Amino acid sequence: MSNLILRNPATEDVIAELPHATVEEMDAAIAKAAAAGEAWRRVTPVDRTRLLRRFADTVGAHAEELAELETRNMGMPIGSARWCANAVADTLHYFAGAVEKHTGSTIPVAGGVDMTFHEPLGVVGLITPWNFPMLMASWKVGPALAAGNTAILKPAEITPLTSLRLGELALEAGIPEGVLQVVVGPGSSTGWRLVEHPLVRKVAFTGSTAVGKRLMQGCAEQIKRLTLELGGKSANIVFADADLDRAAAAAPGAVFDNSGQDCCSRSRVLVQRSVLDEFLEKFIAASAAWKVGDPMHPDTAMGPLVTANHLAAVRRYSDGLDTVFTGEAPSGPGYWHPIMIAVADDMEPAVCREEIFGPVAMVIPFDDEADAIRICNDSEYGLSGSVWTRDGSRALRVVRAMEAGTISVNSNSSVRYSTPFGGFKQSGLGREHSMHVLDHYTELKNVFIATE
Ligand code: ADP
C-alpha cells in the first residue's frame, strides 16, 4: 500500500511520510489487544488509576510538544492546540479517578442477594476524526482503559501524528504493551476491520453522519456495541432581550472556532427579527476582529482548513454565497478560507441544512419563541446549541424544547469531561464524557445469589 504523505495545511509543506497499516497488521493488533486484555482487566483498580494518572501526567509534561505537532499536522491555532493538549491530560485524570467510582449496585429481592457488575467489553475500536485529533482520542481512550478494556485507536489518516505520540507516551508512562495501540490506515479498509473483526466488541466513532450510518449497518451483523458522535447544524438562538454585546462577542467563537471544523459549531445563528440589524452589526464587528493567518502565531484566532480537498468541499457551499461579511484570509500557499456571514430568510438553502464544516455562519431571523424553536428543530441534526436571553423562564422553556443533546445558556460552552456530551437525531448515539460514558464501555452483569 502507498505511503501516507502529510502536509502542513498552513504551508502545504510535507511534514511526514508514513506507511498505511494493512488489514493484516490491524488483525495482528487486534490479536495483541485481546491477549493483553486478560492481564489488564486483572490490574487492581487502584493500580489502574495510578497508571492512568501517570499517563495523564506524562501527556501534561509533553503538552507543548503535542500542541506544536497538532498545529503542524492539522492547522489549528497554537493557542487552541495548547488548550487541547492540557484537556487531554485533564480528561485522562478524570477517567483515572473514575476507575474506582463506577460501581455496581445491590438490589432488594426475595430469597437472596442480587448484585450488578460492570464488566469490561474486551477489545474496543476507537475511530477518531481529523478536526480535534488528540482531544477526541482522549475522550475515547480515557473511558475505554479506565473500564478495563484494551483499545485500538484508529485516527483519521490525515492527522495521525499526535495520536501516535499518545501511544508512545502511554508506554512511557507504564501502560502495558498491547493495552493501547495506535494503528494508522484508511478508514474503509483498516478502520472497517474493527467493525468486521469478531474479537472487537465495541466501536466508538466520531466522524461524519454518512460513515456513522455505514458503521451502524456493519455492526448490526454481530450486534456489536457502537457509539456515534456525528455531524451537527446547531443553532445559536439570540432573543431580543439578551445581552446583545455578550451574545455578539461570543458568536464568532461559536461558529468559526477551529475554522468551523467543529461538530458543535453553532453555524445557524437564529436572531429575533426586532434586533437583527443591531445584532448583525455587532456580530460582524466581532468577526472582523478575528486574526486569520499563521496558526503558529499566538495571536491567531483562525488558521487554514485541513486539506485542499476539504477546502474545495467548503467552497462548494460558499462560492457565490450572498454574504453580509467576508473576512480576510491569506491567499496561499495553504488551504485558506475567509470567515463568511450570510443572512437567509428561511431554512431552505442547503447552506442552512447541511453541515459545511467551514467558517460560514448563516443568520436566520425569527419572530417569536415558537418560531425560534420551530426553526431550531427543523434539522436532521441535534448535537448542540445555545440560547441567549435575560428571561430565565424562557431559557428553561426553550432548552427543554430544543432537540439537541448539549446546550448552553448565555454561553457557547459545549464540552466538559465531567458532563455528558452527545447528540439527538442524526447527530449520534450514546454519550461521551462523565460517568455515563463508562456504561458504553462495559456490559452490565446481574447476579442473583440464593441465601435460602
Ligand atoms: P470526516 O468527514 O470528518 O473526514 P469521516 O467520517 O470520513 O470524517 O472519518 C472519520 C474517521 O472514520 C476517520 O478515522 C476515517 O478514517 C474513519 N472512516 C472513514 N470511513 C470508514 C469506514 N468505512 N470504516 C471505518 N472507519 C472509517
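Counting starts at 1 for both ligands and their atoms, following the listed order. In this text the structure is predicted, and so the values were computed from the model without any measurement. Heads up: numbering here begins at 1 and tracks the sequence.
Ion pairing of Arg41 with Glu119 is present here, as a side-chain N (NZ or NE/NH1/NH2) and a carboxylate O approach within less than 4.0 Å. The pair Asp57-Arg54 fails the salt-bridge criterion, with no side-chain N (NZ, NE, NH1 or NH2) lying under 4.0 Å from an Asp/Glu carboxylate O. By the 4.0 Å N-to-carboxylate-O rule, Glu68 lies too far from Arg72 to be salt-bridged with it.
Scanning the protein for heavy atoms near atom 26 (N) of ligand 1, the closest one is Gly187 O, 3.4 Å. At the top of the distance list for atom 2 (O) of ligand 1, counting protein heavy atoms only, stands Ser208 CB, 3.7 Å.
One side chain, Glu25 or Thr22, offers a donor N or O that lies under 3.5 Å from an acceptor on the other.
Ligand-side atoms of ligand 1 in range of Thr128: 11 (C), 13 (C), 14 (O), range being under 4.0 angstrom from any heavy atom. Ligand 1 places these atoms under 4.0 Å from at least one heavy atom of Trp192: 23 (N), 24 (N), 25 (C). Near Pro155, meaning under 4.0 Å from one of its heavy atoms, ligand 1 places the atoms 14 (O). Listed by number with element, the atoms of ligand 1 under 4.0 Å from a non-hydrogen atom of Gly191 are 25 (C). Set against the non-hydrogen atoms of Leu215, the atoms of ligand 1 under 4.0 Å away are 24 (N), 25 (C). If you number the atoms of ligand 1 from 1 as listed, the ones under 4.0 Å from a heavy atom of Glu157 come out as 15 (C), 16 (O).
Using modelled atom types, one side-chain atom of Ser386 and one backbone atom of Ser411 make a donor-acceptor pair closer than 3.5 Å.
Under the side chain to side chain contact (heavy atoms under 4.5 Å, CB included) criterion, Ala33 pairs with Val123, Thr150, Ile152, Gln181, sequence neighbours left out.
Residue contacts with ligand 1: Lys154 is placed with a nitrogen or oxygen under 3.5 Å of a nitrogen or oxygen of the ligand (distance criterion only).
For Phe205, the heavy-atom gap to ligand 1 drops under 4.0 angstrom.
Note that NZ of Lys233 and CD of Glu354 are 8.0 Å apart. Values are rounded to the nearest 0.5 Å.
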